[in-house]
Amino acid sequence: MRSSASKLSLCLLMTPFVLWIVLLVLLPHLQMLRVSFHVRESWDTVTLGLEQYQNFFSESYYWRTFVRTGVMSLFTTFLTLVIAFPIAWYIAQLARGRAKGFLFLACLIPFWASELVRTYGWMILLRESGLFSTWLQALGLADGPVEMLYNDAAVIIGLVYNGLLFMVVPLVTTLDGMDENLVEAGYDLGGNHWTVLREIIVPWAMPGVVSGCIVVFMLTLGSYLTPILMGGKDSAWFTEQIFTQFITRFNWEQGAALGVLLLVLSSVIVWLGLRVTGQNLRKVMG
Amino acid sequence: MASDLFCTDLVRRFGDHTAVDRVSLDVPAGTFFSILGPSGCGKTTLLRLLAGFDRPDSGEIQIRGARMNDVPPNKRPVNMVFQHLALFPTMSVGDNIGYGLRRQKVPAAERTRKIARVLEQVGLPGLEDRNPQQLSGGQRQRVALARCLVLEPTLLLLDEPLGALDLKLREQMKVELKHLQKAFGTTFVYITHDQSEAMVMSDQVAVMRQGRFDQVAAPETLYRNPATPFVAGFVGDNNRLSGDVISVDGDLVRLRLQSGEEVAGRIAGEGIATGRRADLFIRPESLVMNGAVPDGYSRMQATVTTTLFDGANSRIEAGVADQTIFARLPQDGSVSNLSPDSAIQLGWDPQGATVFAGEPV
Ligand SMILES: Nc1ncnc2c1ncn2[C@@H]1O[C@H](COP(=O)(O)OP(=O)(O)OP(=O)(O)O)[C@@H](O)[C@H]1O
Ligand SMILES: [Mg+2]
């Protein structure tokens, strides 16, 4: 009697979760996977085939953008990690009492605005008639207006900024639990700054590093607004091409194939990352 | 004997609180030196100055004659066993011990050999591949020791390393630490607030109070000849009886207690004069009871409050006027059937009691 009641409550609890997984995750992806193998022969006949994937490999523009997006996302993730680590260390280990909460909040504040507004913020600073350009001219460091937007560096700045919080939070969480005596012991036994960082702090922070990197990498790979708004003609992002296929060209088959490829890319890189760092998902996600 | 650690007038202030106040110490090579004091008296602060995690505001630290004030912790020939051990949780036991050796660029083969040997010396052979989390409290303790001892430091600092262990294990580790210190011949500076740890293990004990050393002496001297009332009360159990000085005769002094009785003790501090207040300290184990009180002893009437049976350490609690006094029950059971409220005569050898000038009322 009791066990059937608890089974029922378990079912009730699980239902929304299962519905979510099936309806919003599994079904659309399976559908997309199916559509990506469609080959349209005439307006109403469809056969199965690999044409969309062949297109991807034969059209160099596709796979170049694909590789570029992957490499730039990796670089952005790495840069975010390098910037976030000292911030997280400061918040977790050095800041005390109210300063700690305040700093954490300060990291959160930009995320009260949408990605669009955040990106416009950077555009105001970086564009030809923007603040930085004006200052450079006022200081006499530049003769004319300087355009800092519409290149890869601008895109990376925007992406790092968007990802920073998602790197800082898991890092602070892991570093917070670290006994400060561990660091002192590291020095006491003869280590210098570099060895203490490499052998003691980083291994301890590894779960946070990996989970932060996974989140930031996926966010970056799938971001759309920032690369479009801040990137130049040559800095196309792969999501842009998916958008173009679906919306502009109305070529759902091609769009679906590109979408599947992006999913495969992110899965493979995350899997590789976990393998290389010797972590597993269960450990990283707590 | 050459001294391994020599400090003069160390001072460390936090705001207007002086945590370490003009501390000087001299620790001969190969000895076990303890710093004993109540919680918050500045022990950890002092140890961190020695380890180099903190800088003194003034004073000098010398290790084997070399000035250490400006040497960073990783360059000092000093290692520390932390209060909570601070074993690296991401490394195996072997890597924990190997960490310091790798910093010293010891080749891999020799490193393996040294790790195996030190683990054997601390009684944990073959545990290199375990994780520190898989060890018991006492085993972790030994790994923390091995991690330092393998580097053969001039000086090993230990910050209440037994505090986290249960009573039984603590008793066992006390003796073992002493043996390890002898076996390695390393100079130990050991911090504790537990007087029995300090007494059992040390060659020399410094009793610290509010940032200062009250007395630095061998355990037996501290026990028999405390230099201050604080030492008398803190080291070992002691009874304290307050009274007025009525006469001084050589090194003996007679006091009149509040109960009106006259007792005697040995002068141990400055400022004792007829008519002044004074405190007499007498240990529970120095008190004899009833018929056993020989001639020439000070004696005093008391009323038994209760008997506290604890095997070899059984005591009675008795009241004298409004003061409480503890007396050790003789082992042979010669004093028995002391019912509450019965009268009892307590006596002691005046040479075994110490008298200090009391605080002015
Ligand atoms: N970083 C600091 N800033 C301000 N005050 C401090 C600091 N470290 C210690 N103190 C103060 O110095 C005094 C001595 O502290 P310390 O930690 O040395 O005590 P302790 O003798 O080790 O005590 P315990 O036996 O409880 O460990 C305390 O009153 C403490 O509040
Ligand atoms: Mg302490």
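Order of the sequence lines sets the chain letters (A, B, ...), proteins ahead of strands, with each chain counted from 1.
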> Quick one: does B/Asn79's side chain have a donor or acceptor within less than 3.5 Å of a partner on A/Asp188's backbone?
Replying inline: yes

Less than 4.5 Å to any heavy atom of chain A: does that hold for the side chain of [X], its backbone, both, or neither?
X       : value
B/Arg48 : side chain
B/Leu85 : neither
B/Phe53 : side chain

Notebook entry, point to check: Does some side-chain heavy atom of A/Glu199 sit less than 4.5 Å from a side-chain heavy atom of B/Met91?
Noted result: yes

Are A/Leu189 and B/Arg103 packed together at the side-chain level, in the sense that at least one heavy-atom pair is separated by less than 4.5 angstrom?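 Heavy-atom side-chain distance check fails, nothing below 4.5 Å.
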
If you tally heavy-atom pairs under 4.5 Å between each of B/Gln83, B/Gln104, B/Arg76, B/Arg147 and chain A, the highest tally belongs to B/Arg147

Checked B/His84, B/Met80, B/Lys75 vs chain A; the most non-hydrogen pairs under 4.5 Å come from B/Met80

More than 12 foreign heavy atoms under 6.0 Å from [atom1] of [X]: is that the case here?
X        : atom1 : answer
B/Arg117 : CZ    : no
A/Tyr90  : OH    : no
B/Phe14  : CZ    : yes
A/Phe111 : CZ    : yes
B/Arg13  : CZ    : no

So side-chain hydrogen bond (donor to acceptor under 3.5 Å, both in side chains) across residues 120-136 of chain B, not counting sequence neighbours, yields B/Ser136-B/Gln139

Locate the shortest heavy-atom distance separating [X] from [Y]; write the atom from each residue and the value.
X       : Y        : result
B/Asn74 : A/Gly191 : ND2-O, 2.9 Å
B/Pro89 : A/Trp204 : CG-CZ3, 3.2 Å
B/Tyr99 : A/Gly186 : OH-O, 3.0 Å

### Query
What is the distance from atom CG of B/Leu87 to atom CG of A/Asn181, rounded to the nearest 0.5 Å?
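Nearest 0.5 Å value for the CG-CG distance: 11.5 Å.
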
